[in-house]
Amino acid sequence: MAEEKKSLNFIEQITEEDLASGKHKEIHTRFPPEPNGYLHIGHSKSIILNFELAKKYNGKTNLRFDDTNPSKEEKEYVESISKDIEWLGYEWEGNIRFASDYFEQLYQWAQYIIKKGLAYVDDQTAEEITATRGMPKEPGKESPYRNRSVEENLDLFERMKNGEYKTGKKVLRAKIGMSSPNMNMRDPIMYRILHAEHHRTGNDWCIYPMYDFTHGQSDYLEQITHSICTLEFENHRPLYDWFLDQLHEEGKIRPRQIEFARLNLSFTVMSKRKLAELVENGTVTGWDDPRMPTISGLRRRGYTPESLKTFADKIGVAKRNNVIDIGLLEHSLRDDLNKKVNRVMTVVDPIKVVITNYPEGQKEEYLEAVNNPEDENAGTRMVPFSKELYIERGDFMEEPVKKFFRLSPGKEVRLRYAYFIKCTGVEKNASGEITEIHCTYDPASKGGKSPDGRKVKGTLHWVSKPHAVNVEIRQYDRLFEDPAPDGHKNRDFKDYLNPDSLSINKGAKAEPMVKESKEEDRLQFERKGYYCVDRESTKENIIFNKTVGLRDSWKKKVHEIRHRRKREEKERQRRLQSERAKRENEKKNKK
RNA sequence: UGACCGAUUGUGUAAUGGUAGCACGACAGGUUUUGAUCCUGUUAGUCAAGGUUCGAAUCCUUGUCGGUCAGCCA
């Protein structure tokens with residue numbers, strides 16, 4: 001098989017150059033989440049990028065929790081994040097790492113930098129430090145404590161560590177300069193005092209290193225070659241490099257920070273804060289609500305790890321800001337599910353059909369149905385048929401619109417894998433609603449094959465009424481009605497919530513085999529979409545989540561027809577009005 | 001009137017001085033016992049203006065637009 005030649009993204013290009021030049025013998029990446037929330041699909045881009053890059057070039061990937069802020073981080077998140085990464089199918093190198101594993105080393109490095117005369121303890125308040133940092137266009141002011149002696153700094157830093165000062169009373173700052181055009185370089189804070197319990201180190205420490213003084217050194221300690229992060233850290237790279245300049249030793253790998261554009265998806269929000277808001281105010285049922293773009297939400301919705309990987313591959317990696325069409329994600333999902341998932345017939349919105357010429361009391365009849373036309377190995381199953389059936393309410397129209405080739409009075413259609421049936425009439429209740437449809441069947445068309453070569457346009461899915469299993473279906477629509485809910489000035493993203501993002505249908509009818517399905521099992525309901533068993537499902541109450549619908553060009557056409565009709569109606573009204581006006585004008589003129 | 005980064009069909013993403021390609025979407029057609037899948041075709045793009053060059057999406061200059069940065073968050 002000829003290997004398809006695929007162009008490399010810019011990170012792969014850098015990697016290949018580093019390997020070719022001998023700069024690195026082997027590459028080593030890392031995924032460094034802060035354990036302060038749940039992972040979302042944006043993180044999955046980063047996870048896949050890091051793990052797949054290493055896999056491609058026979059390297060390794062670490063999992064490291066960036067836990068330098070004790071007040072925000074919890075064990076619960078360490079667990080959920082690890083689980084999500086495993087679900088995606090990745091194995092990190094060695095044990096899970098924690099930045100907190102390096103607190104002692106970082107402390108010693110801080111002392112070393114003080115001794116070099118490149119760090120000082122600052123007694124200014126947070127407000128003073130902010131005020132003297134200056135503006136992007138104006139340089140800041142030097143701290144009055146900036147020129148303390150090495151001995152004094154060393155002593156004060158040790159006292160900070162020993163808990164002699166209250167939270168926020170002192171900080172350790174790097175002595176770089178106050179006039180850099182890059183705000184991150186204006187004597188950045190390396191350590192702050194925080195009397196708070198850490199999820200791993202407990203009360204061992206009351207000083208905690210800042211991100212900038214932690215990340216690069218953690219990469220260095222783990223001998224990471226390529227430290228991949230998102231674009232907003234671009235302005236931090238000079239500082240990342242500055243600390244490594246002070247600490248890097250000859251012969252050791254010096255990690256390189258590379259930034260890429262984070263993922264943005266249309267019709268959703270991705271920020272932790274906003275997602276948390278939806279959870280807290282009850283808009284969704286939790287972090288794993290199937291409408292959430294979290295990995296746990298996508299998992300519960302029925303997404304496959306494979307579909308997330310092909311999606312990540314399709315969107316590519318670059319440095320320009322992007323908004324990816326949610327349709328591309330859905331395409332990747334359908335593409336994967338189509339190949340893997342077995343078909344079954346389920347009537348989501350049922351209406352009763354009676355086959356009037358089907359022999360009364362005929363013994364049970366079973367028909368053979370293909371499990372997956374895309375996969376020969378999936379085999380077949382037997383589906384029960386009887387005199388009374390359910391079909392989809394939307395598959396019948398008493399007065400059909402143009403090009404409707406489903407069931408309507410006098411028309412013949414195929415019941416998939418069963419028989420040709422012809423509608424002979426309907427029964428209605430007092431308010432005129434159709435309660436059942438009467439049909440005749442052609443016994444010669446068993447299996448759905450035309451006996452005499454005659455063709456039907458429509459093939460419908462159906463379920464035998466006496467054999468039907470009642471199931472609950474939870475259908476999800478996009479959470480927001482706007483393609484960029486958080487992209488509007490002066491408007492809250494919640495203003496764009498879709499009020500109909502969840503609809504629960506408790507009366508769907510499925511063929512008997514669905515009774516065998518277990519949590520997270522996936523099925524295609526023929527002609528409807530892909531569904532999976534929810535974790536709240538029980539034997540008595542089987543619950544399916546709708547993962548994604550099938551592409552539906554008919555629905556689109558119906559929309560178009562409706563639109564066109566509306567437009568034509570408006571046009572007609574306008575014409576009538578202008579004619580009327582004309583006539584009146586003429587009358588006036590005559591007078 | 002700061003620094004850094006970016007700008008290619010509707011959306012993503014390639015082309016690394018030499019034919020602007022691919023995917024999704026949209027549109028049209030074919031196959032079809034899922035109006036699905038599959039197949040074929042069509043559509044549409046280099047932010048602008050100058051310059052260098054035989055040749056520029058690519059290099060240079062200027063401008064325009066967008067993003068990031070003023071946490072003791074990451």
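Each chain gets a letter, A, B and so on, in the order the sequences are listed, and its residues count up from 1.
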Using a 4.0 Å cut-off on protein heavy atoms (strictly under), produce a 5'-to-3' string for nucleotides 62-74 of chain B with B for base contact, S for backbone-only sugar-phosphate contact, and - for none.
-> -----SBSBSBBB

[atom1] atom, [N] versus [M]: distance in rounded Å?
N: B:U43; M: B:C5; atom1: P; answer: 39 Å
N: B:U19; M: B:U40; atom1: C1'; answer: 23 Å
N: B:C22; M: B:U46; atom1: C1'; answer: 16 Å
N: B:G17; M: B:G25; atom1: C1'; answer: 33 Å

Distance check: side-chain N/O of [X] vs OP1/OP2 of [N], anything under 4.0 Å?
X: A:Arg320; N: B:U13; value: yes
X: A:Gln13; N: B:A14; value: no
X: A:Lys556; N: B:C27; value: yes
X: A:Arg527; N: B:G35; value: yes
X: A:His331; N: B:C24; value: yes

Measure distances between side-chain N and O atoms of A:Arg551 and base N and O atoms of B:G35, and say whether any donor-acceptor pair falls under 3.5 Å.
-> no

Do you know which of A:Ile193, A:Ile129, A:Val121 makes side-chain contact (heavy atoms from CB on, under 4.5 Å) with A:Val171?
-> A:Ile129

Could you pick out which residue, A:Val317 or A:Asp325, lies toward the 5' side of RNA chain B when each is mapped onto its nearest nucleotide?
->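 Looking at RNA chain B, the more 5' nearest nucleotide goes with A:Asp325.
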
Interatomic distance where [atom1] belongs to [X] and [atom2] belongs to [N] [whole Å]:
X: A:Lys402; N: B:G35; atom1: NZ; atom2: P; value: 21 Å
X: A:Leu333; N: B:U37; atom1: CG; atom2: C1'; value: 15 Å
X: A:Lys557; N: B:G29; atom1: NZ; atom2: C1'; value: 12 Å
X: A:Ile315; N: B:C24; atom1: CD1; atom2: P; value: 15 Å
X: A:His461; N: B:U34; atom1: NE2; atom2: P; value: 13 Å
X: A:Leu263; N: B:U11; atom1: CG; atom2: P; value: 16 Å

Would you call A:Arg522 and A:Asp336 a salt bridge, taking side-chain N to carboxylate O under 4.0 Å as the test?
->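 Salt bridge: no.
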
Basic-acidic side-chain contact under 4.0 Å: A:Asp219, A:Arg64 |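 Counted as a salt bridge, because a side-chain N and a carboxylate O are separated by less than 4.0 Å.
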
Ignoring the backbone of A:Lys137, work out which of B:A14, B:U34, B:G2 is nearest its side chain.
->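 Side chain of A:Lys137 sits closest to B:G2.
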
A:Thr459 side-chain proximity, nearest of B:G12, B:U34, B:U37 |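 Of the options given, the side chain of A:Thr459 lies nearest B:U34.
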
Can you measure from CZ (A:Arg97) to CD (A:Glu222) and round to the nearest 0.5 angstrom?
->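 Between A:Arg97 CZ and A:Glu222 CD, I get 5.0 Å after rounding to 0.5 Å.
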
Chi-angle category of B:G71 [syn within 90° of 0, anti beyond] =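 Judged by the O4'-C1' to base torsion, B:G71 sits in syn, the angle falling within 90° of 0.
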
Donor-acceptor under 3.5 Å (A:Lys169 side chain, A:Glu164 main chain) =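 Not a single qualifying donor-acceptor pair exists.
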
